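I have placed the structure first, in the form of structure tokens, so that the comments after it can refer back to it.
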Amino acid sequence: MRLQLYDGVSAVPQPAWPAGAGGGVFVGREWLAALEETSCVGGATGWQPLPLALERDGRAEALAPAYLKQHNRGEYVFDWAWAEAYARAGLDYYPKLVVSSPFSPVTGSRLLGRGDDSRRLIAGLQQVADDNRLSSAHVLFPTQEEAEWLAAAGWLLRDGVQFHWNNQGYADFEAFLASLSRDKRKKIRQERRKVADAGVQVRALDAGQISDEDWRLFYRCYRQTYLEHRSAPYLNLDFFRRIGERLASHCVMFIARRDGVDIAASLCIRDGAVLYGRYWGALEEVSCLHFELCYYQGLEYAIAKGLQCFEGGAQGEHKLARGFEPARTVSAHYIADPRFREAIAGWLARERAGVTDYVDQLFAHSAYKTLAQEE
């Protein structure tokens, strides 16, 4: 599909997308180019890259990592009900315009530029949707400031919940455990003991220590776990190899070995003071190994490196018992048809009230000691 673009907004050739792009790893050229070059997006994937720029005097003043989407998959903000409502009305919901980092439910800059230019870019995104008769445009996991700009422009905001761990200056993992209630502390120690008693040892690799052999092992584990869930992975070995070359200083891998054989691996991405848990997989089943590789190893690493936050990925209430706490996320949605916009606005208001109640309930079940317990 060839889009008509808004005056002042143009498509950016992939090689012209700036390195880093000012918004972190997940919207930087290295990450986005790796997705495109390895056919994880584009072609028949349903993700048509359409990076957009607000231009002035031949220069890009603001950028948006945009995609024309033919489905909902890989977004982690689920709007299937909206698509079904359009279908029942005899209308097409797809394609839609999505501004995001594909397959990455990570909050960060999505409107890359200075404030005034980013606000003008919002108007451009809206106009692109209108001029091309798209059902909608969506900005996924923007910063809070960007969400406020989008809301001021009339976009609908949708709340979500993830689970993040925040470093309180712990000296080591034992100091972190000491901050938890007795039952949660006991549970974590039991889970880690099960892995150790199974004869599993874990090694951490970062800062360019990850070899091509390690990437091949990781991909085998990652792919196997998807297949066991009767699903196909979004990403391929070539993608992981490329980020391993271009973003080596950001990649952290934990590999589990038993009886001299590597049996599982997890991958995190480090960006500034935050560690992001991204992917994992296993070739053998070991009780509690998922918790060890995806949570406890990352927590130990974050504490040792003095990182401020560990984001464990989308969803997962089980993270609550392991020291993670609920964190609100947001997405913004421009619905072109005023009838659907009104209906979805009401739906979102009801959902938002439910999210607020849900978060309150989660905090009531925090893994951390209460003041009464400390006394």
Side-chain angles (χ1 to χ4, degrees), residues 23-24 26-27 32 41 46-47 50-52 62-86 93-113 118-119 121-126 128-129 134-164 234 274 276 278 311-316 326-337 340-359:
F26 297 101
V27 293
L32 298 180
V41 298
W47 288 84
L50 189 72
L52 299 175
L63 298 162
Y67 295 83
L68 203 61
K69 283 297 301 296
Q70 301 288 348
H71 52 65
N72 171 273
R73 296 187 297 278
E75 297 174 17
Y76 300 94
V77 176
F78 305 108
D79 58 0
W80 291 306
W82 304 358
E84 289 172 1
Y86 269 71
Y93 188 66
Y94 305 110
K96 61 180 181 177
L97 187 66
V98 173
V99 177
S100 76
S101 179
F103 322 120
S104 299
V106 170
T107 294
S109 294
R110 297 294 180 263
L111 307 170
L112 310 173
S118 293
R119 285 189 283 267
L121 182 58
I122 292 170
L125 294 171
Q126 188 169 318
V128 167
L134 302 180
S135 70
S136 52
H138 311 261
V139 179
L140 310 183
F141 301 101
T143 65
Q144 187 59 45
E145 182 179 40
E146 291 171 339
E148 291 171 3
W149 297 339
L150 288 154
W155 292 47
L156 305 177
L157 298 187
R158 184 177 188 185
D159 289 351
V161 180
Q162 293 182 347
F163 295 86
H164 300 170
Y234 293 126
V274 182
Y276 298 93
R278 301 308 307 125
E311 294 193 13
Q315 304 165 329
R328 301 288 281 262
T329 62
V330 67
S331 57
H333 309 271
Y334 170 69
I335 309 299
D337 189 309
F340 278 93
R341 189 185 314 155
E342 182 179 359
I344 290 173
W347 186 88
L348 288 174
R350 294 188 294 274
E351 182 188 57
R352 186 172 300 113
V355 169
T356 297
D357 289 343
Y358 175 59
V359 170

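Throughout, numbering of the chain's residues begins at 1 and tracks the sequence. Reckoned from all heavy atoms, side chains included, excluding hydrogens, waters and symmetry mates. Everything numeric here is computed off the predicted structure, so don't read it as measured data.
Looking only at side-chain heavy atoms (C-beta outward), His138 and Asp79 come within less than 4.5 Å of each other. A 4.5 Å side-chain heavy-atom check between Val330 and Glu146 finds every atom pair outside the cut-off.
In terms of the salt bridge (Lys or Arg N to Asp or Glu O under 4.0 Å) criterion, residue partners of Lys69 (sequence neighbours excluded) are, by chain and number, Glu75. In terms of the side-chain hydrogen bond (donor to acceptor under 3.5 Å, both in side chains) criterion, Tyr94 has no residue partners (sequence neighbours excluded). In terms of the side-chain contact (heavy atoms from CB on, under 4.5 Å) criterion, residue partners of Ala85 (sequence neighbours excluded) are, by chain and number, Arg88, Phe340. Residues forming a side-chain hydrogen bond (donor to acceptor under 3.5 Å, both in side chains) with Ser118 (at least two apart in sequence, or on another chain): none. Residues passing the ring pair (Phe, Tyr, Trp, His ring centres under 6.0 Å) test with His164, sequence neighbours excluded: none. In this structure Thr107 satisfies the side-chain contact (heavy atoms from CB on, under 4.5 Å) test together with Phe141, Thr329, sequence neighbours excluded. Among residues two or more places apart in sequence or in another chain, the salt bridge (Lys or Arg N to Asp or Glu O under 4.0 Å) test is passed with Arg119 by Asp116. Among residues two or more places apart in sequence or in another chain, the side-chain hydrogen bond (donor to acceptor under 3.5 Å, both in side chains) test is passed with Ser100 by none. Every side-chain hydrogen bond (donor to acceptor under 3.5 Å, both in side chains) that Tyr334 has, sequence neighbours left out, goes to Asp130. Applying the ring pair (Phe, Tyr, Trp, His ring centres under 6.0 Å) test to Tyr67 and every residue at least two apart in sequence or in another chain returns Trp47. In this structure, Tyr358 has no ring pair (Phe, Tyr, Trp, His ring centres under 6.0 Å) partners at least two apart in sequence or on a different chain.
Atom CG of Leu150 sits about 11.0 Å away from atom CD of Glu145, to the nearest 0.5 Å. Once rounded to the nearest 0.5 Å, the distance linking NZ of Lys96 with CD1 of Ile335 reads 9.0 Å. In this structure, Asp337 CG and Tyr93 OH are separated by 12.0 Å, a value rounded to the nearest 0.5 Å. A distance of 6.0 Å separates CG in Leu348 from CG in Leu156, rounded to the nearest 0.5 Å.
Remark: the backbone N or O of Ala336 is paired with a side-chain donor or acceptor of Arg341 at under 3.5 angstrom. Although no hydrogens or angles enter the test, the distance criterion places no donor-acceptor pair under 3.5 Å between the side chain of Ser104 and the main chain of Phe26. Side chain of Ser109 to main chain of Leu112: no donor-acceptor pair is present (N/O by atom type, distance under 3.5 Å, no hydrogens or angles).
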Might you work through the side chain to side chain contact (heavy atoms under 4.5 Å, CB included) test for Val99 and Leu52, ending with a clear yes or no? CA-CA 9 Å; Val99 177; Leu52 299 175; over 6 Å; no
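Residue pairs meeting the side chain to side chain donor-acceptor pair (under 3.5 Å) criterion with at least one partner in residues 147-160, sequence neighbours excluded, are Gln126-Trp155, Arg158-Glu351, Asp159-Arg328.
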